[in-house]
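Computed from a predicted structure; not experimentally measured. Only this structure's heavy atoms are used, side chains among them; waters, hydrogens and symmetry mates stay out. Here is the naming used below: chain letters follow the sequence lines, and residue numbers restart at 1 for every chain.
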Amino acid sequence: MPTRTLTKDLRAHIGREVRIQGWVRAIRDQKRIQFLIVRDHTGLAQAVVERAEGRADINQTIAALTRESAVTIDGVVVENAVVKTGGVEVQIRSLRVDNLADPLLPLDPSGPTEPNPEVQANWRYLDLRRPESLLIFQIQTAIEHAMREYWIREGFIELHSPKLMGSPSEGGAEVFELEYFGRPAYLAQSPQFYKQMAMAAGFDRVFEIGPVFRADPSFTTRHSTEFTGLDMEMSWVESHEDVMAFEERWLRYTLERVKAQFGDAARETFGVEIVVPEVPFPRVPMGQAQEIVARRGHTAPAERKHDLDATGERLVGEYAAEEFGHEFAYVTDYPVDVRPFYHMRHPSNSAITKSFDLLWRGVEIATGAQREHRYDVLVRQAKEKGLNLEPIQFYLEFFKYGCPPHGGFGAGLARMLMVLLKLANLREATFLFRGPTRLSP
RNA sequence: GGGGGCGUGGUGUAGCCUGGCUAAACACACCUGCCUGUCACGCAGGAGACCGCGGGUUCAAAUCCCGUCGCUCCCGCCA
């Protein structure tokens with residue numbers, strides 16, 4: 001008997017005794033009868049008990065109960081069309097208070113208004129009790145699952161690369177430094193070098209879903225200092241086009257799966273329609289992107305006229321939506337000066353890289369490229385960027401003993417979730433947000 | 001890093017511009033009592049903030065000024 005029944009399954013247990021477990025969302029304690037609304041991760045259920053001599057203990061417990069307490073209820077499921085929680089209710093036989101909640105909640109998960117961001121962050125576990133919060137992470141699980149499924153089906157190997165590094169992977173300004181047994185170490189801001197090392201190792205195709213760290217003091221709704229990176233790298237590509245072609249099919253599959261599982265829930269809770277994108281996605285070379293942006297009346301600051309700023313990206317997103325009816329757009333052919341040294345350059349035009357960004361509804365969600373796999377060219381490009389070769393020598397060595405041509409991309413999980421569900425802020429799509437001013441809980 | 005906004009009981013806000021008329025108001029939550037099935041339950045009563053912090057102006061400041069701390073948004077950086 002003490003097998004737990006989820007609230008969503010009560011209808012299948014009419015007339016039988018069940019145990020439900022969850023949080024007290026509401027207490028309606030009346031003279032003759034007492035109602036509890038109990039929430040678990042699958043929904044709401046009403047539990048009811050009449051005030052009577054034989055149930056004085058239960059009646060008393062309920063009189064002293066508080067909202068958001070954790071309870072276990074045993075009782076019989078009865079059908080009652082009047083009841084708004086699914087037309088069924090549980091007639092309480094016994095009630096156990098597993099954890100009584102303090103009556104003064106710092107954050108009310110079923111309250112009429114949303115608390116301030118700071119209150120939400122400080123009491124994140126109460127904030128996460130809101131069903132819409134739960135749904136975000138159920139959808140995140142489905143996304144990750146579908147992505148991993150597609151990768152594995154395509155012959156990829158899953159990688160877990162180290163996050164502690166002896167030298168900053170590239171550049172250096174945006175890397176966290178920490179003390180490592182008396183010498184400096186750095187938190188990986190990308191698995192870039194290691195996934196390329198797997199190419200040199202002959203793994204052919206790899207992916208990694210793991211934490212990445214960025215020491216940028218960014219204050220926007222779409223940045224954090226620690227997030228889950230989605231990275232992949234594939235060997236024997238002819239160009240970055242092969243990578244883009246993979247990525248768009250991977251995304252189409254993922255959204256297909258997520259829509260099938262959560263399309264209705266996403267519509268009801270967030271008012272968003274999950275669209276399974278057509279492939280190929282629209283492609284917009286940087287030169288054309290600049291024209292589109294200019295035509296739409298936006299002028300980027302002179303010093304970054306080779307790149308797209310956030311507004312520019314939004315406008316290219318609008319363009320893709322209007323011209324192609326598409327939520328996604330690849331921006332390709334970024335100039336050398338706005339790309340890292342390891343991006344391969346076009347053989348016909350060395351000022352342009354074989355790289356791309358992927359925009360979703362005008363928000364940058366991924367960056368990719370074909371990598372430079374020729375040792376001497378790579379060294380030349382690193383020098384050109386003014387890099388100190390010594391700390392990256394281990395990386396450069398990958399390309400001295402037979403490394404296949406390869407390419408890949410990196411994307412951000414929370415950022416994709418934010419765009420998918422049209423959330424106002426990345427932190428809603430992050431279990432525990434880390435930012436320049438947020439390091440706890 | 002640059003710019004804007006905000007900071008009032010447990011929570012969300014009003015009041016601030018046009019200082020005193022409010023011993024700081026409203027909603028939700030909380031406490032007490034009442035209520036024959038409630039379902040945003042209802043009704044009656046009650047407790048709870050000296051208005052982020054520090055300084056200044058003034059007869060008088062939550063309200064004006066300066067500083068400071070915190071949060072937040074935009075830009076930049078990027079996923």
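Comparing B:A40 with B:G54, their C1' atoms sit 43 Å apart, to the nearest whole Å. Comparing the P positions of B:G5 and B:A25 gives an interatomic distance of 29 Å, to the nearest angstrom. For the P atoms, the distance linking B:U63 with B:A79 amounts to 45 Å, nearest Å. Taking the C1' atoms as reference points, B:G7 lies 16 Å from B:G67, given to the whole Å. Comparing B:C17 with B:G52, their P atoms sit 15 Å apart, to the nearest whole Å.
The ring of A:Tyr150 has its center closer than 6.0 angstrom to the ring center of A:Phe246. You'll find the ring centres of A:Phe156 and A:Trp250 outside the 6.0 Å limit.
Looking at residues two or more places apart in sequence or on another chain, you find no ring pair (Phe, Tyr, Trp, His ring centres under 6.0 Å) involving A:His373. Shown here are the ring pair (Phe, Tyr, Trp, His ring centres under 6.0 Å) partners of A:Phe270, two or more places apart in sequence or in another chain: there are none. Every residue two or more places apart in sequence or in another chain that forms a side chain to side chain contact (heavy atoms under 4.5 Å, CB included) with A:Val119 is listed here: A:Leu107, A:Pro115, A:Asn116, A:Trp123. A search for side chain to side chain contact (heavy atoms under 4.5 Å, CB included) contacts involving A:Thr221 returns A:Asn425, not counting sequence neighbours. For A:Val363, the side chain to side chain contact (heavy atoms under 4.5 Å, CB included) partners at least two apart in sequence or on another chain are A:Arg222, A:Arg415, A:Val419.
Two residues, A:Glu114 and A:Lys84, neighbour RNA chain B, and the one matched to the more 5' nucleotide by heavy-atom proximity is A:Glu114.
Atom-to-atom, CD of A:Gln34 to C1' of B:C39 comes out at 15 Å; the value is rounded to the nearest Å. Spacing between atom CD of A:Glu89 and atom C1' of B:G37 amounts to 8 Å, rounded to whole angstrom units. When the C1' atom of B:C34 is taken as reference, atom NZ of A:Lys31 falls 7 Å away, rounded to whole Å. Taking atom CG of A:Asn122 as the reference point, atom P of B:U11 lies 10 Å away to the nearest angstrom. One can place CG of A:Leu126 at 16 Å from P of B:G10, the figure rounded to the nearest angstrom. A straight line from CD of A:Gln120 to P of B:G10 spans 18 Å, rounded to a whole angstrom. Atom P of nucleotide B:C77 and atom CG of A:Asp307 are separated by 7 Å, given to the nearest angstrom. Put simply, CG on A:Leu426 is 14 Å from P on B:A79, counting in whole angstrom units.
Note that CD1 of A:Ile62 and CG of A:Leu36 are 4.5 Å apart. Values are rounded to the nearest 0.5 Å. The OH atom of A:Tyr330 sits 4.5 Å away from atom CD of A:Glu248, with the distance rounded to the nearest 0.5 Å.
Taking the ring centre of A:Tyr253 as origin, the terminal cationic atom of A:Arg153 falls inside the region bounded by 6.0 Å and 45° from the ring axis.
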Using atom names, set out every protein N or O paired with an N or O of nucleotides 71-75 of chain B below 3.5 Å, distance rounded to 0.1 Å.
residue	atom	partner	partner atom	Å
B:C71	OP1	A:Thr437	O	3.2
B:U72	OP1	A:Arg427	NH1	2.6
B:C73	OP1	A:Asn425	ND2	2.4
B:C74	OP2	A:Thr221	N	3.3
B:C74	N4	A:Phe219	O	3.4
B:C75	N4	A:Phe219	O	3.4

Show me the protein contacts with nucleotides 28-33 of chain B, counting only N or O atoms at under 3.5 Å.
residue	atom	partner	partner atom	Å
B:A29	O3'	A:Arg67	NH1	3.3

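Proximity of A:Gln30 to the phosphate of B:G37: a side-chain N or O atom is located under 4.0 Å from OP1 or OP2. Residue A:Asn116 places at least one side-chain N or O closer than 4.0 Å to OP1 or OP2 of B:G12.
Within 4.0 Å (heavy atoms only), A:Glu313 reaches at least one base atom of the nucleic acid. The residue A:Val82 sits close to a base: some heavy atom pair falls under 4.0 Å.
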When the side chains of residues 138-146 of chain A are checked against the rest of the protein, which donor-acceptor pairs come out under 3.5 Å, sequence neighbours left out?
residue	atom	partner	partner atom	Å
A:Thr141	OG1	A:Phe137	O	2.8

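For B:A79, the base is stacked against the aromatic ring of A:Phe227, per a cut-off of 5.5 Å between centres and 30° between planes.
A salt bridge between A:Arg345 and A:Glu384 is present, with a side-chain N of the basic residue lying under 4.0 Å from a carboxylate O of the acidic one. Between A:Glu318 and A:Arg296, at least one side-chain nitrogen of the basic residue sits less than 4.0 Å from a carboxylate oxygen of the acidic one, meeting the salt-bridge criterion. A salt bridge between A:Arg32 and A:Glu50 is absent, with no side-chain N of the basic residue lying under 4.0 Å from a carboxylate O of the acidic one. The pair A:Lys354-A:Glu372 does not meet the salt-bridge criterion, since no charged nitrogen lies less than 4.0 angstrom from a carboxylate oxygen. Between A:Asp333 and A:Arg339 no salt bridge is recorded (no basic side-chain N to carboxylate O distance below 4.0 Å). The pair A:Arg11-A:Glu79 counts as a salt bridge, with a side-chain nitrogen and a carboxylate oxygen less than 4.0 angstrom apart.
No donor-acceptor contact under 3.5 angstrom links the side chains of A:Arg25 and A:Ser110, judged on distance only.
Contacts between residues 36-61 of chain A and RNA chain B, defined by a heavy-atom separation under 4.0 Å, are made by A:Gln46. Within residues 407-417 of chain A, the residues approaching RNA chain B are A:Gly410, A:Gly412, A:Arg415, by heavy-atom distance under 4.0 Å. Across residues 354-368 of chain A, A:Glu364, A:Ile365, A:Ala366, A:Thr367 each have a non-hydrogen atom less than 4.0 Å from an atom of RNA chain B (numbered order).
A donor-acceptor distance shorter than 3.5 angstrom exists from the side chain of A:Arg249 to the backbone of A:Ala245, with no hydrogens or angles considered. Judged by distance alone, the side chain of A:Gln381 and the main-chain N or O of A:Phe341 form a donor-acceptor pair under 3.5 Å.
Stem analysis of RNA chain B (Watson-Crick or G-U pairs, both distances under 3.5 Å, runs of at least three) returns B:1-7 with B:69-75, B:10-13 with B:25-28, B:30-34 with B:42-46, B:52-56 with B:64-68.
For A:His223, the listed nucleotide lying nearest its side chain is B:C78; candidates were B:G12, B:C78, B:G37.
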